[in-house]
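A quick write-up on the structure given underneath.
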Amino acid sequence: MKAKSYYSAPEGYIKSPFIKELYHDPDVPITDECLQEVVQSVIDVEGEDLDRLTELIKLDCLAYIRKGCIYAEIKFNRLYKHLYTRFDDYAEEVLGTTTKSVCSYIHASRVGLILLFAGFSYSDLPQNMSQAYALHCALSGLYGDYSDQQLIDAWQQVLAEIPRHKRTGERIKELVNPTPVKKEDLYTKVELPLAVYTKVLQVAYNAKLSVSKLIDNVVSVLTGFKKQEIISFVKWVLDMNNLLGEM
């Protein structure tokens, strides 16, 4: 018999799609205290009103701030020393992460705390680690050791120019510290008479070159001549065309 899908049930049909999972005796007992707390926290959600549930969501969104502070407490006070000589080993073997990732969280946590104490409301704070860390990286690229005020000013710019639901880490970095545009990446539009454009296409096709490469080659040749030499060169090209046309 096909198993019932709690996720496809009509709205209001069942209180929670997790009832089956939560209220049954597991085949394998959960003995890990951390996992027991996770299960209990999910059970406690049932019956809560909307205000409390919304607060829980907000706490989870800003959990990166506490996580970064916990990482800092362990790393900077060397609490790992009674188990491991190197923090790298502790991070990899106990936390399943890297020192680089830990440091990223610490930077993100600091950003979140500075903005929180600067008076930004919940909705105006970085909503996840990626947003906060992106702001840190952008400012570090600009100033090195940036000040709290530079951080606040940059975040105000983000709030003003990027809608809340579009504040990805990549967009934040690009706004605060844009990637320099190279000359070769700049494009423009050149309008040509149809007859000239047709000739350019034909020459490019015969030369097995793109139109832009063909024009670049022609310009490179012409810029190597003096004014009088250019006139002579053009006359030579015209003479060659006339000669080819008579053959």
Side-chain angles (χ1 to χ4, degrees), residues 4-24 26 30 32-75 91 94-98 100-139 148 151-176:
K4 184 175 181 180
S5 173
Y6 289 90
Y7 299 95
S8 61
E11 185 178 355
Y13 177 75
I14 193 167
K15 276 189 172 183
S16 169
F18 311 117
I19 286 180
K20 179 176 178 292
E21 285 75 16
L22 292 175
Y23 299 100
H24 80 292
I30 300 173
D32 188 304
E33 290 186 10
C34 175
L35 299 183
Q36 288 176 351
E37 286 194 31
V38 171
V39 173
Q40 188 59 50
S41 68
V42 178
I43 292 174
D44 292 342
V45 164
E46 187 177 352
E48 290 286 2
D49 60 29
L50 179 61
D51 289 341
R52 178 54 183 164
L53 294 176
T54 303
E55 287 301 313
L56 290 174
I57 292 172
K58 290 180 177 181
L59 284 171
D60 284 348
C61 285
L62 299 183
Y64 72 90
I65 296 178
R66 186 180 69 163
K67 189 173 182 178
C69 288
I70 293 172
Y71 278 153
E73 180 73 12
I74 295 171
K75 186 175 188 297
V94 177
L95 304 177
T97 187
T98 63
K100 182 179 179 181
S101 178
V102 167
C103 291
S104 297
Y105 266 97
I106 293 173
H107 288 308
S109 177
R110 178 177 173 273
V111 166
L113 281 175
I114 291 173
L115 296 177
L116 188 156
F117 287 119
F120 289 90
S121 65
Y122 164 79
S123 60
D124 286 340
L125 287 172
Q127 296 294 292
N128 52 58
M129 179 269 189
S130 295
Q131 291 181 1
Y133 185 60
L135 185 61
H136 163 76
C137 290
L139 289 171
D148 290 1
L151 171 66
I152 292 168
D153 292 343
W155 186 244
Q156 286 175 329
Q157 181 188 9
V158 171
L159 296 181
E161 299 192 29
I162 305 178
R164 184 178 175 188
H165 64 287
K166 293 184 178 180
R167 288 174 201 154
T168 63
E170 208 54 47
R171 292 191 68 170
I172 290 170
K173 278 194 289 188
E174 194 59 33
L175 175 66
V176 176

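All values derive from a computational prediction rather than experimental measurement.
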Could you report the tightest heavy-atom contact between [X] and [Y], atom names first, then the distance?
{"X": "T98", "Y": "A91", "result": "C-CB, 4.2 Å"}
{"X": "L175", "Y": "E161", "result": "CD1-OE1, 3.3 Å"}
{"X": "L125", "Y": "F120", "result": "CD2-CB, 3.8 Å"}
{"X": "R171", "Y": "I162", "result": "O-CD1, 3.8 Å"}
{"X": "C69", "Y": "L113", "result": "SG-CD1, 3.8 Å"}
{"X": "D49", "Y": "R52", "result": "OD1-N, 2.9 Å"}

Hey, could you give me the [atom1]/[atom2] distance between [X] and [Y], rounded to the nearest 0.5 Å?
{"X": "Y122", "Y": "L59", "atom1": "OH", "atom2": "CG", "result": "8.5 Å"}
{"X": "R66", "Y": "E73", "atom1": "CZ", "atom2": "CD", "result": "13.5 Å"}
{"X": "I152", "Y": "F117", "atom1": "CD1", "atom2": "CZ", "result": "12.5 Å"}
{"X": "I106", "Y": "Y71", "atom1": "CD1", "atom2": "OH", "result": "9.0 Å"}
{"X": "K67", "Y": "L62", "atom1": "NZ", "atom2": "CG", "result": "14.0 Å"}
{"X": "L159", "Y": "D124", "atom1": "CG", "atom2": "CG", "result": "5.0 Å"}

Greater than 12 external heavy atoms within 6.0 Å of E170's CD: no

Would you say the side chain of [Y] lies within less than 4.5 Å of the side chain of [X], judging by non-hydrogen atoms?
{"X": "R167", "Y": "Q127", "result": "no"}
{"X": "C61", "Y": "N128", "result": "no"}
{"X": "Y133", "Y": "P126", "result": "no"}
{"X": "L135", "Y": "W155", "result": "yes"}
{"X": "C137", "Y": "K173", "result": "yes"}

Cationic N near anionic O, under 4.0 Å, R110 to D148: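 Yes.
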
Donor-acceptor under 3.5 Å ([X] side chain, [Y] main chain):
{"X": "S41", "Y": "V38", "answer": "yes"}
{"X": "S101", "Y": "T97", "answer": "no"}
{"X": "S109", "Y": "Y105", "answer": "no"}
{"X": "Q131", "Y": "I172", "answer": "no"}

Does the side chain of D153 come under 3.5 Å of the side chain of Q157 through a donor N or O and an acceptor N or O? no

